[in-house]
Amino acid sequence: MRHVIALDVGGTGMKAALVGAEGAVPSGGTPPRPPMLHRARRATGRERGPDAVVEHILDFAAELRAYGEEHHGEPASAAGVAVPGIVDAERGIAAYSANLGWRDVPLRDLLAARLGGVPVALGHDVRTGGLAEGRIGAGKGADRFLFVPLGTGIAGAIGIDGRVEAGAHGFAGEIGHIVVRPGGTPCPCGQTGCLERYASAAAVTEAWATVSGDREADAADCAKAVTSGDPRAEKVWQEAVDALADGLVTALTLLDPRTIIIGGGLAEAGETLFTPLREAVRSRITFQKLPTIVPADLGDTAGCLGAGLLAWDLLNSTDRTEVAP
């Protein structure tokens with residue numbers, strides 16, 4: 001069975017899959033979710049240094065190629081890999097990652113060489129996850145979407161007609177560094193008052209641990225305290241929701257998305273987050289069109305599925321080029 005290798009490389013762990021082709025698209029319908037024929041995980045091993053991480057990625061990919069050949073009758077036809085940090089997707093270079101310690105790694109070429117010369121696509125982790133959510137997840141069918149995962153920080157992916165916009169320099173979608181509280185909390189990026197310092201899961205964790213006096217408390221604990229009616233938690237939560245709404249309204253004013261997809265750890269609070277967030281956004285807009293605000297659908301499979309889509313897109317474009325007159 002024809003398939004591709006999909007790798008989602010994180011700071012501490014790697015998720016991988018062999019991804020089959022999408023099925024036929026019904027007339028007037030949207031693409032079905034491609035099948036994940038095999039799934040695997042490995043530790044990234046960053047404690048051993050950046051060179052060892054790269055070698056570990058290459059070895060993992062080679063294992064997946066061998067598995068596909070043994071269990072599906074042929075090796076993978078292409079590969080897609082999503083990595084954190086600054087990514088030069090056009091040249092296939094993992095330019096920088098603070099978490100993994102690498103600079104200017106020609107990951108696409110290294111993987112292609114290890115995998116027998118098959119086409120390899122390299123993508124940014126958030127944009128790759130956003131591609132999957134927009135095309136086959138919560139945003140499928142939307143011609144314009146914004147994917148915003150709320151985790152340790154806040155990132156974003158701008159979706160346009162089934163693809164994700166990287167920007168002129170690869171920085172498009174960095175909504176977490178919109179300033180929502182001028183002169184506020186310093187951010188590692190060098191600004192003060194950035195959105196992610198108020199509305200990320202890490203920010204809510206820090207605020208709730210301080211207010212509750214429990215240094216082990218996290219954002220999920222804050223959400224539970226909100227549902228139980230704790231006024232201290234409600235205050236912390238509302239401040240985060242208000243900051244997030246301010247950032248989203250700025251983004252929707254510029255981008256006019258049809259759908260906003262919220263993912264990451266904070267979105268796991270469900271309607272404890274989405275009910276006040278939708279109202280806060282609604283109360284802030286004037287001339288803008290209110291987008292649909294929905295939770296992400298693919299969970300921790302988004303990165304792998306997105307990497308698989310990158311690989312299939314690359315393979316399909318290569319196939320078309322080869323048969324062109």
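Being a predicted model, the structure only gives us computed values, none of them experimental.
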task = Could you tell me which non-hydrogen atom of Ala112 sits nearest to which non-hydrogen atom of Val118, and how far apart they are?
result = CB-O, 3.7 Å
ask   = Glu196 side chain to Ala155 main-chain N or O, any donor-acceptor pair under 3.5 Å?
value = no
Glu90, CD: over 12 other non-hydrogen atoms inside 6.0 angstrom = no
Closest non-hydrogen atom pair between Gly130 and Ala157, with its separation = CA-CB, 4.1 Å
Side chain to side chain, Leu7 and Leu64, heavy atoms closer than 4.5 Å = yes
message = Using the side chain to side chain contact (heavy atoms under 4.5 Å, CB included) definition, which of the options Ile285, Leu277, Val180 pairs with Leu248?
response = Leu277
key: Atom CZ of Arg39 with >12 non-hydrogen neighbours under 6.0 angstrom   = no
task = Would you confirm whether Ser77, through its side chain, and Val4, through its main-chain N or O, come within 3.5 Å as a donor-acceptor pair?
result = no
query = Going from OG1 on Thr250 to CD1 on Ile175, what distance comes out if it is rounded to the nearest 0.5 angstrom?
reply = 8.0 Å
query = Has the side chain of His56 got a donor or acceptor atom that lies under 3.5 Å from a matching backbone atom of Ala43?
reply = yes
message = Quick check against the 3.5 Å criterion: does Asp221 have a side-chain atom that pairs as donor or acceptor with the backbone of Asp218?
response = yes
query = Side chains of Trp312 and Arg2: does their closest heavy-atom pair fall under 4.5 Å?
reply = yes
message = With heavy-atom distances below 4.5 Å as the criterion, would you say the side chains of Leu244 and Leu150 are in contact?
response = yes
query = What distance separates Gln288 CD from Thr286 OG1, expressed to the nearest 0.5 Å?
reply = 4.0 Å
query = How many angstroms lie between CZ in Arg48 and OG1 in Thr44, if you round to the nearest 0.5 Å?
reply = 10.0 Å
ask   = Going from CG on Leu146 to CD1 on Ile160, what distance comes out if it is rounded to the nearest 0.5 angstrom?
value = 10.5 Å
query = Would you say the side chain of Leu100 lies within less than 4.5 Å of the side chain of Pro84, judging by non-hydrogen atoms?
reply = yes
task = Could you tell me whether the side chain of Arg46 and the main chain of Val53 form a donor-acceptor pair under 3.5 Å?
result = no
ask   = Minimum heavy-atom separation for Ala223 to Ala269, with atom names?
value = CB-CB, 3.9 Å
message = Hydrophobic cluster membership, with links at side-chain heavy-atom distances under 4.5 Å among I/L/V/M/F/W/Y: are Trp237 and Val211 in one?
response = yes
task = For the pair Glu133 (side chain) and Asp297 (backbone), establish whether a donor and an acceptor sit closer than 3.5 Å, ignoring hydrogens and angles.
result = yes
query = Is the CZ atom of Arg42 crowded by more than 12 outside heavy atoms at less than 6.0 Å?
reply = yes
task = Take atom CZ of Arg163 as the centre, draw a 6.0 Å sphere, and report whether it contains more than 12 heavy atoms from other residues, nucleotides or ligands.
result = yes
Test item: Arg197 side-chain N/O and Thr192 main-chain N/O as donor-acceptor pair under 3.5 Å = no
query = Can you tell me how far NZ of Lys235 sits from CG of Asp230, rounded to the nearest 0.5 angstrom?
reply = 12.5 Å
remark   = Heavy atoms of Gly306 and Leu131 approach each other most closely as O-CD2, 4.0 Å
task = Check step by step if side-chain contact (heavy atoms from CB on, under 4.5 Å) holds for His3 and His38.
result = CA-CA 10 Å; His3 61 275; His38 170 67; over 6 Å; no
inquiry  = The test is side-chain contact (heavy atoms from CB on, under 4.5 Å); show your working for Leu107 and Val87 and say whether it passes.
reply    = CA-CA 10 Å; Leu107 196 56; Val87 179; over 6 Å; no
ask   = Is there a donor-acceptor contact under 3.5 Å from the side chain of Thr292 to the main chain of Thr259?
value = no
ask   = Closest approach of Ala233 and Ala225, non-hydrogen atoms and distance?
value = CB-CB, 3.4 Å
message = Do Ile57 and Leu18 sit in one hydrophobic cluster, given that two such residues count as connected whenever their side-chain heavy atoms are within less than 4.5 Å of each other, even indirectly?
response = yes
request  = Please check if Ile260 and Val241 belong to a single hydrophobic cluster, counting links between Ile, Leu, Val, Met, Phe, Trp and Tyr side chain heavy atoms closer than 4.5 Å.
outcome  = yes
task = For the residue pair Ile86 and Phe171, establish whether any side-chain heavy-atom pair is separated by less than 4.5 Å.
result = yes
message = Under the criterion side-chain contact (heavy atoms from CB on, under 4.5 Å), I'd like the reasoning laid out for Asp242 against Arg284: C-alpha separation, chi angles, the key distance, then a yes or no.
response = CA-CA 10 Å; Asp242 286 341; Arg284 284 162 169 75; 3.5 Å; yes
task = Using a cut-off of 6.0 Å, state whether more than 12 heavy atoms not belonging to Glu74 lie near its atom CD.
result = yes
query = Measuring from Asp109:CG to Ile93:CD1, what's the distance to the nearest 0.5 Å?
reply = 8.0 Å
query = Do Trp102 and Val83 come within less than 4.5 Å of each other through their side chains, counting heavy atoms only?
reply = yes
task = Could you tell me whether the side chain of Arg144 and the main chain of Leu255 form a donor-acceptor pair under 3.5 Å?
result = no
ask   = Given side chains that start at C-beta, do those of Arg181 and Val179 come closer than 4.5 Å, heavy atoms only?
value = no
inquiry  = Please evaluate residues Thr301 and Arg33 with respect to the criterion side-chain contact (heavy atoms from CB on, under 4.5 Å), reporting the C-alpha separation (whole Å), side-chain torsions for both, the decisive distance (0.1 Å), and the verdict.
reply    = CA-CA 11 Å; Thr301 67; Arg33 193 173 298 182; 5.6 Å; no
query = Taking the side chain as C-beta and beyond, is there a heavy-atom pair between Leu111 and Leu122 under 4.5 Å?
reply = no
query = Within the distance-only criterion (no hydrogens, no angle test), does the side chain of Arg258 pair as donor or acceptor with the backbone N or O of Ala142 below 3.5 angstrom?
reply = no
query = Linking I/L/V/M/F/W/Y whenever their side-chain heavy atoms sit closer than 4.5 Å, directly or via other members, would Leu110 and Phe60 fall into one cluster?
reply = yes
note = Smallest heavy-atom separation, Ile136 atom then Pro34 atom, equals CD1-CD, 3.5 Å
inquiry  = If hydrophobic clusters are built by linking Ile, Leu, Val, Met, Phe, Trp and Tyr wherever their side-chain heavy atoms come under 4.5 Å apart, do Val81 and Leu309 end up in the same one?
reply    = no
task = Using a strict cut-off of less than 4.0 Å between a Lys/Arg side-chain nitrogen and an Asp/Glu carboxylate oxygen, indicate whether Arg114 and Glu55 qualify as a salt bridge.
result = yes
